[in-house]
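What follows is a single structure, written as structure tokens, with notes after it.
These numbers come from a predicted model, not from an experiment. All heavy atoms count here, side chains included; hydrogens, waters and symmetry mates do not. Below, chain A is the first sequence line, B the second, and so on; all start at residue 1.
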Amino acid sequence: MSSFKHSRPKGTQDFAPPQSDRKHRVEELFRHLAGLYGFQEIVIPVFEHTEVFIKSTGVGSDIVTKQMYTFKDRAGRSLTLRPEGTPGVVRAALENRVRMPCRLFYLGPYFRYERPQKGRTREFNQLGIEALGEASPLVDAEIIGFGDSFFRELGIADCTIQLNSIGCRECRPLYRQNLVGFLTRHRDELCNDCHVRLERNPLRVFDCKNSACQNLLAQAPKPREHLCSECDRHFSEVREALNRQGLQYELNDRLARGLDYYNRTTFEYLSGRLGAQDSLGGGGRYDYLVEEFGGPETPATGLAIGLDRTMLAMPELEQNKRRRLAFVVWMSDAELEPARKLLDQLRAEGIPARMDFDAGRPKRQFKLADAAGASCCVIVGPDELTRGVYSLKDLLTGEQTEVPVNTIAIQVRALLRD
RNA sequence: GUGAGUGUAGCUCAACUGGUUAGAGCACCUGACUGUGGCUCAGGAUGUUGGGGGUUCAAGUCCCCUCACUCACCCCA
């Protein structure tokens with residue numbers, strides 16, 4: 001179509017203005033909220049030794065078996081672009097001897113090789129928090145509340161919370177055994193996809209949309225009926241805490257979480273505005289992961305938010321055409337240097353400012369200022385200079401006044417808009 | 001990895017069953033306005049119809065291949 005030869009790799013995305021501004025705004029809200037809840041940022045590599053993900057995410061999981069960007073570096077080491085955040089965070093917390101309990105947040109790009117569709121790209125952005133060393137069900141509820149506040153703050157109205165408990169080391173295998181037994185007895189009634197699920201990840205049959213399967217599943221053993229007494233108590237306390245916090249949620253037996261390290265509480269935020277990939281974020285408890293990395297027994301809970309999906313679900317805040325920017329306009333060569341000095345002065349005062357050095361004609365400069373979305377123009381002309389003033393034009397209203405040079409910063413600041 | 005759909009100007013889309021020089025709106029550029037953006041008016045520029053091959057007197061239109069995008073399965077953030 002165009003003569004431009006290069007396009008971005010499949011499944012990647014560009015954030016050009018104004019999308020980049022929107023992204024930044026969401027990230028800033030996340031940082032702010034995370035700070036309010038006592039989380040501190042941890043910055044970790046974008047790639048890890050491949051084993052980090054295999055061990056934690058699970059050898060049988062889809063992520064590990066077919067979605068990882070794995071490569072060998074020049075010394076033959078197997079490395080993998082991170083497909084998710086939690087394993088790297090746990091690895092880093094242990095490696096840095098971070099004192100437990102600790103609360104960490106992180107954000108950045110993640111990579112999974114999948115067929116792109118709405119809300120699913122190969123490079124995507126995640127915002128995550130992890131509470132390491134906290135066992136209380138109140139922490140689960142607190143984290144669920146964190147996500148709820150986050151989405152609410154962004155004006156995502158139709159966000160629902162789904163909740164489940166998948167048990168622990170003790171009760172999960174029993175349940176799984178039960179379910180597999182049930183499904184195997186009714187094997188003929190299951191669809192082909194479910195036969196595959198039965199082998200690979202039995203809990204996944206609950207996701208099947210086939211009505212015959214659904215009917216059968218109504219009689220299948222339910223995960224929550226098989227919780228051991230401790231898991232059962234933990235789960236009730238999570239629910240009671242959510243009720244006290246005034247959070248609405250739905251119980252969902254089918255919420256299994258595809259990663260191996262989860263136990264007990266799992267939850268997910270769903271939005272109706274997203275299409276098939278309707279999960280805005282999700283998380284749960286992972287009390288065994290730290291141990292698996294060779295650390296001490298450490299309970300943990302976390303949450304990961306899909307930034308890209310969040311941006312899809314966010315209402316288009318009708319953005320002001322005017323930005324926080326002043327534009328300095330000059331008339332002839334004689335004013336070029338005074339105008340440039342003014343530019344420096346404005347910036348020194350903390351006012352974002354630009355000018356057009358190429359311009360010959362003022363008309364062009366005003367056009368540029370308008371196109372750049374500037375809030376105002378400061379006009380430096382021969383008349384103004386001889387009288388010790390600048391002309392200041394409000395680009396929103398069109399009003400223009402003359403202001404003394406020594407008050408320019410104050411006057412400009414008053415006109416800046418976001 | 002599987003399936004379906006779509007590719008025409010920077011963007012959104014036209015072009016009757018194959019028919020002659022592929023159009024419109026928005027955006028863009030120029031001027032009216034040599035010290036003033038938006039609004040108005042007048043004018044202007046723009047395409048290997050995604051790419052390659054084939055059928056035909058003739059292909060944007062039909063067929064094959066390929067690439068890209070989109071949606072869904074799957075999976076998850």
Side-chain angles (χ1 to χ4, degrees), chain A residues 1-11 13 57 61-67 82-86 107-128 147 191-194 196-197 200-201 204 207-210 255-259 262 266-271 274-283 302-313 321-322 327 329-332 335 356 359-384 391-400:
Chain A
M1 194 170 11
S2 123
S3 60
F4 190 68
K5 291 237 183 45
H6 304 286
S7 57
R8 74 186 92 89
K10 192 186 190 78
Q13 55 188 334
T57 307
S61 71
D62 271 34
I63 291 179
V64 169
T65 54
K66 47 191 193 192
Q67 298 180 351
R82 58 187 187 190
E84 52 150 343
T86 307
L107 73 180
Y110 293 81
F111 307 85
R112 289 184 204 170
Y113 191 90
E114 297 181 273
R115 197 77 167 261
Q117 73 187 68
K118 183 171 184 166
R120 185 168 80 187
T121 48
R122 289 178 175 180
E123 182 187 27
F124 58 100
N125 295 280
Q126 235 169 251
L127 314 166
C191 70
N192 285 335
D193 283 347
C194 281
V196 179
R197 294 188 179 102
R200 217 168 46 195
N201 193 345
R204 282 274 157 218
D207 286 340
C208 187
K209 274 135 200 149
N210 185 302
L255 188 59
R257 306 252 106 224
L259 313 178
Y262 282 110
T266 62
F267 56 91
E268 196 161 332
Y269 303 88
L270 262 41
S271 164
L274 284 183
Q277 307 300 318
D278 60 355
S279 171
L280 284 171
L303 156 67
I305 293 168
L307 169 57
D308 317 278
R309 289 180 186 179
T310 298
M311 287 177 65
L312 286 176
K321 216 184 146 227
R322 299 293 148 199
F327 211 99
V329 173
W330 51 290
M331 291 300 158
S332 61
E335 294 86 43
D356 176 23
R361 306 163 47 205
K363 185 182 178 73
R364 199 185 106 118
Q365 299 180 54
F366 280 96
K367 265 197 137 125
L368 253 161
D370 184 48
S375 293
C376 62
C377 284
V378 184
I379 299 127
V380 185
D383 300 352
E384 282 85 352
S391 291
L392 178 59
K393 178 168 185 172
D394 183 336
L395 286 179
L396 198 65
T397 63
E399 276 171 51
Q400 185 167 325

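- Using a 4.0 Å heavy-atom criterion, one finds that A/G85 contacts no nucleic acid atom at all.
- With RNA chain B read from its 5' end, the first of the two nearest nucleotides for A/D278 and A/T397 is the one closest to A/T397.
- Atom-to-atom distance recorded for A/N125:CG and A/R309:CZ is 12.5 Å, nearest 0.5 angstrom.
- The separation of B/rC57 from B/rU12, taken at their P atoms, amounts to 38 Å, rounded to a whole angstrom.
- With sequence neighbours left out, A/Y269 forms a ring pair (Phe, Tyr, Trp, His ring centres under 6.0 Å) with A/F151, A/F267.
- Atom CG of residue A/D356 and atom NZ of residue A/K367 lie 13.5 Å apart, to the nearest 0.5 angstrom.
- Looking at heavy-atom distances under 4.0 Å, A/K118 makes contact with sugar-phosphate atoms alone, never a base.
- A/G398 comes within 4.0 angstrom of a base, heavy atoms only.
- Put simply, CG on A/L255 is 13 Å from C1' on B/rA77, counting in whole angstrom units.
- Taking only distance into account, the side chain of A/R112 never meets the base of B/rC75 through a donor-acceptor pair shorter than 3.5 Å.
- A/R322 approaches A/A369 most closely through the heavy-atom pair NH1-O, 4.3 Å.
- Using a 4.0 Å heavy-atom distance criterion, A/L307 is classed as making no nucleic acid contact.
- Rounded to a whole angstrom, the distance from the C1' atom of B/rA72 to that of B/rG50 is 24 Å.
- Residue A/Q365 places no side-chain atom within donor-acceptor reach of the base of B/rU36, judged by atom type and a 3.5 Å distance cut-off alone.
- A/A304 comes within 4.0 angstrom of sugar-phosphate atoms only, judged by non-hydrogen atoms across all strands, and of no base.
- Partners of A/D383 under the salt bridge (Lys or Arg N to Asp or Glu O under 4.0 Å) rule, at least two apart in sequence or in another chain, do not exist in this structure.
- The separation between A/R120 atom CZ and B/rU70 atom C1' is 13 Å, rounded to whole Å.
- Considering only side-chain N and O atoms, A/K10 lies under 4.0 angstrom from the phosphate OP1 or OP2 of B/rC69.
- For A/R120, the salt bridge (Lys or Arg N to Asp or Glu O under 4.0 Å) partners two or more places apart in sequence, or in a different chain, are A/E114.
- An aromatic stack links A/F124 and the base of B/rA77, using centre distance under 5.5 Å and interplanar angle under 30°.
- At a threshold of 4.5 Å between non-hydrogen side-chain atoms, the residues A/I379 and A/F366 count as touching.
- When each of A/E399 and A/D308 is assigned the nucleotide of RNA chain B bearing its nearest heavy atom, the one mapping closer to the 5' terminus is A/E399.
- Where RNA chain B pairs in unbroken runs of 3 or more (Watson-Crick or G-U, both distances under 3.5 Å), the stems are B:1-7 with B:67-73, B:10-13 with B:23-26, B:28-32 with B:40-44, B:50-54 with B:62-66.
- Straight-line distance between the C1' atoms of B/rU46 and B/rC11: roughly 13 Å, to the nearest whole Å.
- Between the CG atom of A/L274 and the P atom of B/rU70 there is a distance of 15 Å, given to the nearest Å.
- At a cut-off of 3.5 angstrom, the base of B/rA77 holds at least one donor-acceptor pair with the side chain of A/E114.
- Each of B/rA77, B/rC73, B/rC74 was ranked by its minimum atom distance to the side chain of A/R115; first place goes to B/rC73.
- Between A/Y113 and A/R122 there is a side-chain heavy-atom pair separated by less than 4.5 Å.
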What is the per-nucleotide protein-contact pattern of nucleotides 25-34 of chain B, from the 5' end, where B denotes a base atom under 4.0 Å from a protein heavy atom, S denotes such proximity for sugar-phosphate atoms only, and - denotes neither?
-> ------S-B-
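- Between B/rG47 and B/rU34, the distance separating the two P atoms is 31 Å to the nearest Å.
- Annotation: salt bridge (Lys or Arg N to Asp or Glu O under 4.0 Å) contacts of A/K118 (sequence neighbours excluded): none.
- Spacing between atom CD of A/Q117 and atom P of B/rA77 amounts to 15 Å, rounded to whole angstrom units.
- A gap of 15 Å separates the C1' atoms of B/rG54 and B/rG18, to the nearest Å.
- For a distance-only test at 3.5 Å, the side chain of A/E384 qualifies as a donor-acceptor partner of the base of B/rG35.
- Put simply, CD on A/Q67 is 13 Å from P on B/rC74, counting in whole angstrom units.
- Atom CD in A/Q13 sits about 18 Å away from atom P in B/rA68, given to the nearest Å.
- The shortest heavy-atom contact between A/D394 and A/S375 is OD1-O, 3.8 Å.
- Only the P atoms considered, B/rA45 is 27 Å distant from B/rG52, to the nearest whole Å.
- Closest of all the heavy-atom pairs between A/P362 and A/M331 is CG-SD, 3.4 Å.
- With B/rU36, B/rA77, B/rA72 as the choices, the nucleotide that has an atom nearest any side-chain atom of A/A276 turns out to be B/rA72.
- Taking the C1' atom of each, B/rU61 and B/rG7 are spaced 14 Å apart, rounded to whole Å.
- Rounded to a whole Å, the CG atom of A/D383 is 11 Å from the P atom of B/rG35.
- Computed from coordinates, the A/F327 CZ to B/rU36 P distance equals 16 Å when rounded to whole Å.
- Taking atom C1' on both nucleotides, B/rC28 is separated from B/rG10 by 8 Å, rounded to a whole Å.
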Would you check, one step at a time, whether the test side chain to side chain contact (heavy atoms under 4.5 Å, CB included) holds for A/F327 with A/D370?
-> CA-CA 9 Å; A/F327 211 99; A/D370 184 48; over 6 Å; no
